[in-house]
Amino acid sequence: MIAKFWSADLSIQKRHAQLESSTALVLNKAQKIVRKLFTLSKRCPKHPRISLPRERPVSFWLNRVQSLLYCNEHGVLGSFSEEVKSCSCPVDQPTCQGVIPCVVGTASTSCSSCGTDNATRCGACHHGNVLHLGSCRPSIAASQDHYLNFDLDMPDAEVKYLLQRLDSRIEVHAIYISNDVRLGSWFNPAWRKRMLLTLKSNKNKSNLIHMLMGISFQICLTKNSTLEPVPAIYVNPFGGSHSESWFMPVNQPDFPDWERTRLDAVVTAQCYNWTLSLGNKWKSFFETVHIYLRSRILTDDPTANETLFYEPLDLDDQTSNLGYMKINTLKVFGYSMHFDPEGIKDLILQLDYPYTQGTQDAAFLMLLEMRDRINRLSPPAPQPLDLFSCLLRHRLKLSAGEVARIKDSLQMFNSKLPNASPEPELAPLCS
């Protein structure tokens, strides 16, 4: 704004041009004197140190004007910083800062005008924003999609077909990490192996959350091996430690089981594609998938306990060909959804600092709907899990105390709604 007035003021422009021309004359004269001094000092044992002032850019003068306007109280001149909108005053005079006006501009969160009673605060905001404590913030969106987009459902038959083909269109590219198993290399299956696929969303994809709809891995065993792999899957929904993961009850009643497809193209080993299709019924959020691979010995004895795991396997059993295993690929399938963490934080702020009573109620209702839709995707368990608290804790980076306070506020607001149904008891997952 100062630059705009500066360029429009012909008198200042003329004076600045005169200053530039006079400075150029002084600089030329100084350079001539410097050349003479160097010529005269060639035989001197010590050469002179000469320092010429650099030309001051226009930005220096603009900052000087800001300092004179905003940092010149009580006759003490300080230095203005446009980045932090404050003054740096001399140590012995800390009260040089005066009134710094609000920022008027075309950006969505800029003020459309400053307040008439207080020039440091916004007086009005642009369309789509509301005035809050003297600054402009985005108003509450009319749809959940602004904060978190759930609207992507595929028919189970289509998901199953795409998973059988391992179609890359529904693959969620994750980072493979394991100290036990290197993909494509043979390993001794005598001990439990741990692998994980993670997305590192807070670092790489902070505006996305991810839905898990299937897992697939290709595993090979040496010829005539009497071993069978037994994978155990733990899913971490939004980040955090391994203890904040839920166990996938594969092969339990009503839950899908692994589908195994023999790959006949591989002659030197027994290779299978293992695919687990969750579909729309069992899909859930995921950030990290932990895979624990155990092994058991195949047997035809009906009295044998087939769930008995050998760690390490019985190497003295001469009737068993334990062999080796190899995992060629390990993939997760699903899709990613739009996620606006800053927008949700703005909603939460309105619970404590309402713009008006109406917008505070709207924020409560929006967060209640978001909480219920997220927790509705809780994995199968006798008691549903509190996934919404995990989202607040790990994707919004709120403290445990803040999460508990938000949870209590939502429960209290929900209890006051007409015809409010009792809320289900949720099991905590994230600390």
Side-chain angles (χ1 to χ4, degrees), residues 166 171-204 210 212-222 225-252 255-260 269-278 282 284-298 306-315 322-334 379-381 385 387 390 394 429-431:
L166 302 180
E171 181 183 350
V172 182
H173 295 282
I175 302 168
Y176 174 82
I177 300 173
S178 176
N179 290 327
D180 301 332
V181 177
R182 179 181 295 178
L183 293 180
S185 298
W186 294 98
F187 60 88
N188 183 347
W191 296 91
R192 184 193 71 170
K193 309 297 180 185
R194 181 183 176 186
M195 300 158 280
L196 64 88
L197 290 167
T198 186
L199 297 167
K200 296 187 182 293
S201 295
N202 283 328
K203 182 179 180 182
N204 302 322
H210 313 276
L212 179 67
M213 299 193 74
I215 304 171
S216 178
F217 65 93
Q218 185 186 109
I219 189 165
C220 295
L221 297 85
T222 49
S225 172
T226 56
L227 290 182
E228 181 184 33
V230 183
I233 309 295
Y234 291 81
V235 179
N236 185 300
F238 297 112
S241 65
H242 177 266
S243 62
E244 297 169 314
S245 305
W246 56 272
F247 175 68
M248 193 174 281
V250 178
N251 204 21
Q252 296 298 313
F255 196 83
D257 195 3
W258 292 100
E259 294 182 9
R260 283 169 278 190
Q270 307 172 61
C271 292
Y272 299 85
N273 272 339
W274 284 53
T275 305
L276 180 66
S277 178
L278 302 178
W282 302 114
S284 190
F285 300 101
F286 84 101
E287 174 65 23
T288 302
V289 175
H290 300 265
I291 303 102
Y292 292 92
L293 186 68
R294 292 182 171 92
S295 302
R296 68 184 171 198
I297 297 176
L298 294 171
E306 292 187 359
T307 62
L308 180 64
F309 297 99
Y310 295 81
E311 291 187 354
L313 297 169
D314 188 359
L315 301 177
L322 303 182
Y324 287 84
M325 288 186 185
K326 176 175 68 170
I327 296 177
N328 290 325
T329 59
L330 182 59
K331 298 178 180 180
V332 285
F333 296 89
L385 298 174
L387 297 183
C390 293
H394 296 300
L429 180 64
C430 300
S431 57

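- For the pair Met213/Phe333, no side-chain contact is recorded, criterion being any heavy-atom separation below 4.5 Å from C-beta on.
- Rounded to the nearest 0.5 angstrom, Met325 CE and Glu228 CD are separated by 8.5 Å.
- Side-chain atoms of Thr329 and Ser216, non-hydrogen and from C-beta on, never get closer than 4.5 Å to each other.
- A pairwise comparison of heavy atoms in Asn204 and Leu199 identifies ND2-O, 3.7 Å as the closest pair.
- The closest donor-acceptor contact from the side chain of Gln218 to the backbone of Trp274 lies at 3.5 Å or more, if one exists at all.
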After noting the C-alpha distance and the side-chain angles of Ile215 and Met248, does the key distance pass the side-chain contact (heavy atoms from CB on, under 4.5 Å) rule? CA-CA 11 Å; Ile215 304 171; Met248 193 174 281; 4.3 Å; yes
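- At least one side-chain heavy atom of Leu385 sits less than 4.5 Å from a side-chain heavy atom of Pro379.
- Note that CG of Leu197 and CD1 of Ile291 are 4.5 Å apart. Values are rounded to the nearest 0.5 Å.
- Across all non-hydrogen atoms, the minimal contact from Lys193 to Val181 is CB-CG2, 3.6 Å.
- To the nearest 0.5 Å, atom CZ of residue Phe238 and atom CD of residue Glu287 are 9.0 Å apart.
- Residue Asn328 comes nearest to Gly184 through the heavy atom pair OD1-CA, 3.9 Å, listed as atom of the first residue, atom of the second, then distance.
- Nearest heavy atom pair, residue Leu221 against residue Ala269, reads O-CB, 3.3 Å.
- Residue Phe255 places its CZ atom among more than 12 non-hydrogen atoms of other residues, nucleotides or ligands, all under 6.0 Å distant.
- Here the options are Phe286, Phe247, Phe285, the test is side chain to side chain contact (heavy atoms under 4.5 Å, CB included), and the partner is Val235; only Phe286 passes.
- Heavy atoms of other residues, nucleotides or ligands lying less than 6.0 angstrom from CG of Asp257 number more than 12.
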Tell me, with the steps shown, if Ile327 and Tyr176 meet side-chain contact (heavy atoms from CB on, under 4.5 Å). CA-CA 12 Å; Ile327 296 177; Tyr176 174 82; 5.9 Å; no
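- At a threshold of 4.5 Å between non-hydrogen side-chain atoms, the residues Val289 and Ile233 count as touching.
- When all heavy atoms of Pro189 and Leu227 are compared, the pair lying nearest together is CG-CD1, 3.2 Å.
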Take Glu244 and His394, measure what side-chain contact (heavy atoms from CB on, under 4.5 Å) needs, and give me the verdict at the end. CA-CA 11 Å; Glu244 297 169 314; His394 296 300; 3.1 Å; yes
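- Centroid-to-centroid, the aromatic rings of His242 and Tyr292 come within less than 6.0 Å.
- Rounding to the nearest 0.5 angstrom, the gap separating the NZ atom in Lys331 from the NE2 atom in His173 is 8.0 Å.
- Separation of atoms OG1 (Thr198) and NZ (Lys203) is listed at 11.0 Å; rounding is to 0.5 Å.
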Check against side-chain contact (heavy atoms from CB on, under 4.5 Å), Ser284 and Leu212: CA-CA 6 Å; Ser284 190; Leu212 179 67; 5.8 Å; no
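- Considering NE2 of His290 and CE of Met195, their distance stands at 12.5 Å, rounded to 0.5 Å.
- Remark: of the listed residues Ile175, Ile177, Asn236, Asn236 is the sole one forming a side chain to side chain contact (heavy atoms under 4.5 Å, CB included) with Thr288.
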